[in-house]
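As structure tokens, the structure follows; a few thoughts come after it.
Below, chain A is the first sequence line, B the second, and so on; all start at residue 1.
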Amino acid sequence: MDNPSASSHFIKNIVIDDLQSGKVDQIITRFPPEPNGYLHIGHAKSICLNFELADEFKGRTNLRFDDTNPLKEDNEYVEAIKEDVRWLGFEWDGLFFASDYFEEMYQRAVLLIKKGKAYIDDQSAEEMRLTRGTLTQPGQDSPHRNRSIEENLDLFARMRAGEFKDGDKILRAKIDMSSPNINLRDPALYRISHTTHHNTGDQWCIYPMYAYAHPLEDAIEGVTHSICTLEFEDQRPFYDWVVQECEMEHQPKQYEFARLNITNTVMSKRFLKQLVDEKIVDAWDDPRMPTISGLRRKGFTPEAIRSFVREVGVARSNSTVDERLLEHFIREDLKLKSLRTMAVLRPLKVVITNYPEGQTELLEAENNSENPELGNREIPFSREIYIEQDDFMENPPNKYFRLFPGNEVRLKNAYFIKCNDFVKDEQGNVIEIHCTYDIETKSGSGFSGRKVKGTIHWVEASQALPAEFRLYEPLILDEEKGDSDSFMEHINPNSLEVIQGFVEPNMSSTQAHDKLQFFRHGYFNVDPKLSEPSKPVFNRIVSLKSSFVV
RNA sequence: UGGGGAUUAGCCAAGCGGUAAGGCAACGGACUUUGACUCCGUCAUUCCUAGGUUCGAUCCCUAGAUCCCCAGCCA
């Protein structure tokens, strides 16, 4: 269930004001990813912001691919992004590509040249860097800054025609080389790149820069509120300049908010790509990745992600959200939805010495004690069962409520058992324990003769279904290093632990992405790629909270 | 040290001149056939600091501190 609290934030307040003042009749937002990687949970914040704002105020939201750099982009990414946005629960009104507008962008650039607001520069990238000045010193005008309009027009047409090599010429805005805002020191508008584009093929060999293209895209689509992250703040004057000087009839406005950071989490497409490329993880959808596809494969739900980003809020201060907030929302979402069954991750055999050999009985169990609609199931019980290794100690500490010699515990949905003896191997490890059960204490019988402090889970041994469990820890150990260049030095070597255990026999019918609670362990997801009916594979989404410390 | 931002509890975050919402976390306790869940309780006399204006300031003014972003033909 979604977190219902629709809290206010500064962008929503702006929208309300704009609607009330009549500045806009209907809001139009857009989610504008570059198809150069997979979406991560940081993008989810932006997606929810844009789509939910439009939903709330009866506006529209476009999905627009910002595909102005063919060197880095690929159709694989556009398909993955579409899938992720839909999976999160959103449907776009318009589906567009920046490349849809290349001709218009070119014509607007011609207009800029005709107005004397843009010129062709012959300087190399290096020369441009040198003449741009520094943070404290103004830049110097390019020697080509005052070329005639006719010459600029001619050169620009020849750039388009492919007469020049990459880097030989560039179209620049003519603004102010001494502006204290470096973004206004004659920023680049068009560069030459003889690269095949995933949409337009070889139709173009010049491509617009983001800072020039983006405001045009917004203006063409009638976007009213163009929402981006804080690092684009200094670009806003140029954004407005482009809209103004290109004489766009519609004038979108840019608003910036702080991007999402989460503790112990790498949140940058570049770093995530590095993790994939260097095989630190298996793929973009590795459950350890904070990508939408990784979270999906791990077992997170769209509802939990939406609730999470809503609760985080939208503000302008850089912040790092505690990963436990995300965990809170998946626990809350799955609490009533998922079946609660038993799984033994690290098995220890128990022989119930007074239970008849060869006998098996079926016991009734609720699938979710807090949600009767999920019904009941039957589970087998017999003389030999598996319990968790953690649930037995030869020499227990104080306040240990589980099994130890002489102690009695409840077997969830079954009987009380009492430990009488145990067997060790040559290394001194406990490999089997012997108990007796009390038939009077059967679950559901109403027995109240005596109380027991602990209840443990178990699986009947002969019918237990072998299963693989994949337990995850953060990929990054230092909680503040997730977004720094040194993050590779903080990779957690134990981010994945694969163990073999058992689940109840009926688990053979699980389907990919089924979500279950395993008693006392946590919530798990059936892995869509690795799981098989005879050997299910479960990804742990999140453990249960526990106040027990040894 | 140019320009642009930010600063409210351990982490997020409301608040818009009338006396500090909410969530997470944490800590007590109750309950419990999950050491879970649920429930009850605790958790900022103070909002980066110092002055000022005001009957009254987290909010307005002045000065300062700290942190983030900008010198791609990336987005």
Side-chain angles (χ1 to χ4, degrees), chain A residues 3 5 7-9 13 32-34 36 66 68-69 71-72 121 123-126 128-130 132-139 166-172 178-185 187-193 207 209-211 213-214 228-237 256 258 260 263 269-270 307-308 310-329 331-332 335-336 340 342 365-366 369-370 399-402 409-414 416 443-444 452-457 479 517-522 543-549:
Chain A
N3 166 20
S5 78
S7 63
S8 189
H9 55 73
N13 292 340
E34 182 189 14
N36 68 344
D66 222 330
T68 57
N69 185 0
L71 244 24
K72 293 184 176 178
D121 199 348
Q123 289 185 115
S124 67
E126 175 69 1
M128 272 180 63
R129 187 176 66 78
L130 261 17
R132 186 151 30 227
T134 68
L135 293 179
T136 52
Q137 293 173 308
D166 292 6
D168 279 359
K169 300 250 184 292
I170 193 159
L171 181 71
R172 286 231 255 176
S178 61
S179 172
N181 181 347
I182 291 180
N183 298 293
L184 261 22
R185 317 237 267 229
L189 264 24
Y190 265 93
R191 78 283 216 181
I192 299 171
S193 180
Y207 292 96
M209 303 292 294
Y210 163 86
H214 205 88
C228 63
T229 45
L230 252 24
E231 67 270 25
F232 294 103
E233 211 166 345
D234 292 342
Q235 303 264 13
R236 197 168 62 225
E256 312 86 17
L260 174 66
T263 53
K269 254 196 264 184
R270 194 182 115 221
S307 295
F308 169 72
R310 270 206 279 275
E311 189 59 44
V312 163
V314 180
R316 289 176 62 88
S317 65
N318 296 307
S319 60
T320 301
V321 178
D322 194 322
E323 60 190 322
R324 291 177 296 185
L325 186 60
L326 213 208
E327 296 180 343
H328 164 77
F329 282 109
R331 287 192 190 101
E332 185 180 88
K335 185 170 62 189
L336 299 181
R340 301 177 181 181
M342 297 192 282
E366 293 172 305
S369 57
E370 293 183 275
K399 297 249 185 91
Y400 184 81
F401 303 150
R402 286 108 97 147
V409 300
R410 181 195 302 274
L411 248 25
K412 176 79 183 170
N413 293 127
F416 286 10
S443 284
V452 99
K453 287 287 275 184
T455 298
I456 66 173
H457 60 274
E479 65 173 45
Q517 181 194 119
F518 291 141
F519 271 100
R520 302 206 297 142
H521 281 300
S543 64
L544 257 24
K545 292 209 292 184
S546 173
S547 58
F548 176 68
V549 280

Checklist entry - Roughly how many Å is it from CZ in A:R310 to P in B:C12, rounded to a whole number? => result 21 Å

Next on the checklist: Tell me the interatomic distance from A:R129, atom CZ, to B:C70, atom P, rounded to whole angstroms.
Outcome noted: 16 Å

Next on the checklist: Could you identify the nucleotide paired to B:A57, looking across every strand shown and requiring Watson-Crick or G-U wobble geometry with both distances under 3.5 Å?
Outcome noted: none

Checklist entry - Is any side-chain N or O of A:S193 closer than 4.0 Å to OP1 or OP2 of B:C73? => result no

Next on the checklist: Tell me the interatomic distance from A:H328, atom NE2, to B:A36, atom C1', rounded to whole angstroms.
Outcome noted: 14 Å

Item to check | Sugar-phosphate, base or nothing in reach of A:K399, heavy atoms under 4.0 Å | outcome: base

Checklist entry - Any side-chain N or O of A:S319 under 4.0 Å from OP1/OP2 of B:A13? => result yes

Checklist entry - Hey, is the side chain of A:K335 poking within less than 4.0 Å of OP1 or OP2 on B:U38, counting only N and O atoms? => result yes

Checklist entry - So what does A:V409 touch, heavy atoms closer than 4.0 Å: a base, only the sugar-phosphate, or nothing? => result nothing

Checklist entry - What is the distance, rounded to the nearest whole Å, between atom CG of A:D234 and atom P of B:A6? => result 12 Å

Next on the checklist: Check this one for me: any side-chain N or O of A:R191 less than 4.0 Å away from OP1 or OP2 of B:C74?
Outcome noted: yes

Next on the checklist: Over all strands shown, is A:A125 touching base, sugar-phosphate only, or nothing at heavy-atom distances under 4.0 angstrom?
Outcome noted: base

Checklist entry - Touch check for A:N413, heavy atoms < 4.0 angstrom, all strands: base, sugar-phosphate only, or nothing? => result base

Checklist outcome for this item: In Watson-Crick or G-U wobble terms, with both distances under 3.5 Å, the base opposite B:U34 is none

Item to check | Distance, nearest 0.5 Å, that separates OH of A:Y400 from NZ of A:K453 | outcome: 14.5 Å

Next on the checklist: Considering every strand and a 4.0 Å limit on heavy-atom distances, what is the contact class for A:Y190: base, sugar-phosphate, or nothing?
Outcome noted: nothing

Next on the checklist: Within the 4.0 Å heavy-atom criterion, would you say A:R410 contacts the bases, only the backbone, or no part of the nucleic acid?
Outcome noted: base

Checklist entry - For B:C73, what is the paired nucleotide under Watson-Crick or G-U wobble rules, both distances under 3.5 Å? => result none

Checklist entry - Would A:F401 and A:V409 satisfy side chain to side chain contact (heavy atoms under 4.5 Å, CB included), going step by step from the backbone distance to the final call? => result CA-CA 8 Å; A:F401 303 150; A:V409 300; over 6 Å; no

Checklist outcome for this item: Minimal heavy-atom distance between A:R410 and A:V452, with the atoms involved, is N-CG1, 3.6 Å

Next on the checklist: Taking any heavy-atom pair under 4.0 Å as a contact, classify A:M209: base, sugar-phosphate, or nothing.
Outcome noted: sugar-phosphate

Checklist entry - So what does A:E126 hit on the nucleic acid, given a heavy-atom distance under 4.0 Å: a base, only sugar-phosphate, or nothing? => result nothing

Checklist entry - How many Å lie between CZ on A:F329 and C1' on B:G22, as a whole number? => result 11 Å

Checklist entry - Within the structure shown, what part of the strands sits under 4.0 Å from A:T134 by heavy-atom distance: base, sugar-phosphate, or nothing? => result base

Checklist entry - Whole-Å distance between B:G35 P and A:R402 CZ? => result 7 Å

Checklist entry - For the pair made of CD in A:E256 and C1' in B:G5, what is the distance, rounded to whole Å? => result 9 Å

Item to check | pi-stack flag for A:F519 and B:A36, centroid dist under 5.5 Å, interplanar under 30° | outcome: no

Checklist outcome for this item: B:G51 glycosidic conformation (syn if within 90° of 0, otherwise anti) is anti

Item to check | Distance-only donor-acceptor test, A:R236 side-chain atoms vs B:G4 base atoms, 3.5 Å | outcome: no

Checklist entry - When we call it a touch if two heavy atoms are under 4.0 Å apart, what does A:F416 touch: a base, just sugar-phosphate, or nothing? => result nothing

Checklist entry - Could a donor-acceptor pair under 3.5 angstrom be found where the side chain of A:E370 meets the base of B:U38? => result no

Next on the checklist: Within 45 degrees of the ring normal and closer than 6.0 Å to the centroid, is that where the cationic atom of A:R520 sits relative to A:F548?
Outcome noted: no

Checklist entry - More 5' along RNA chain B: A:L411 or A:S124, using each one's nearest nucleotide? => result A:L411

Checklist entry - Taking N and O atoms by type only, does the side chain of A:S443 place a donor or acceptor under 3.5 Å from a partner on the base of B:U33? => result yes

Checklist entry - Given atom NE2 of A:H457 and atom C1' of B:U33, what is their separation to the nearest angstrom? => result 14 Å

Checklist entry - Hey, is the side chain of A:N181 pairing donor to acceptor with the base of B:G4 inside 3.5 Å? => result no

Item to check | Salt bridge flag under 4.0 Å for residues A:R236 and A:E256 | outcome: yes

Item to check | Short side-chain N/O contact from A:T68 to OP1 or OP2 of B:A75, under 4.0 Å | outcome: yes

Next on the checklist: Need one value for A:G444: base, sugar-phosphate or nothing, where a base atom within 4.0 Å counts as base even if backbone is also close, heavy atoms only.
Outcome noted: base

Next on the checklist: Using a 4.0 Å heavy-atom cut-off, does A:E327 contact any base of the nucleic acid, only the sugar-phosphate backbone, or nothing at all?
Outcome noted: nothing

Checklist entry - Going by an N to O cut-off under 4.0 Å, is there a salt bridge joining A:R129 and A:E126? => result yes

Checklist entry - Out of A:R340, A:H521, A:K412, which one pairs with A:H457 under the side chain to side chain donor-acceptor pair (under 3.5 Å) rule? => result A:H521

Checklist entry - Under 4.0 angstrom, heavy atoms only, what part of the nucleic acid is A:R132 near: base, sugar-phosphate, or nothing? => result sugar-phosphate

Checklist outcome for this item: Of A:P180 and A:F232, the one whose closest nucleotide on RNA chain B sits nearer the 5' end is A:P180

Checklist entry - Which value, in whole Å, describes the distance between the P atoms of nucleotides B:A65 and B:C74? => result 37 Å

Checklist entry - Which base, if any, makes a Watson-Crick or G-U wobble pair with B:G41, both distances under 3.5 Å? => result B:C27

Checklist entry - Can a side chain N or O of A:K545 be found less than 4.0 Å away from OP1 or OP2 on B:A25? => result yes

Next on the checklist: Check this one for me: any side-chain N or O of A:R520 less than 4.0 Å away from OP1 or OP2 of B:G35?
Outcome noted: yes

Checklist entry - Base, sugar-phosphate alone, or nothing: which one does A:L544 contact when heavy atoms must sit under 4.0 Å apart? => result base

Checklist entry - Is B:C67 paired to anything, Watson-Crick or G-U wobble with both distances less than 3.5 Å, and if yes, which nucleotide? => result B:G5

Checklist entry - Is any side-chain nitrogen or oxygen of A:S317 closer than 4.0 Å to OP1 or OP2 of B:C67? => result no

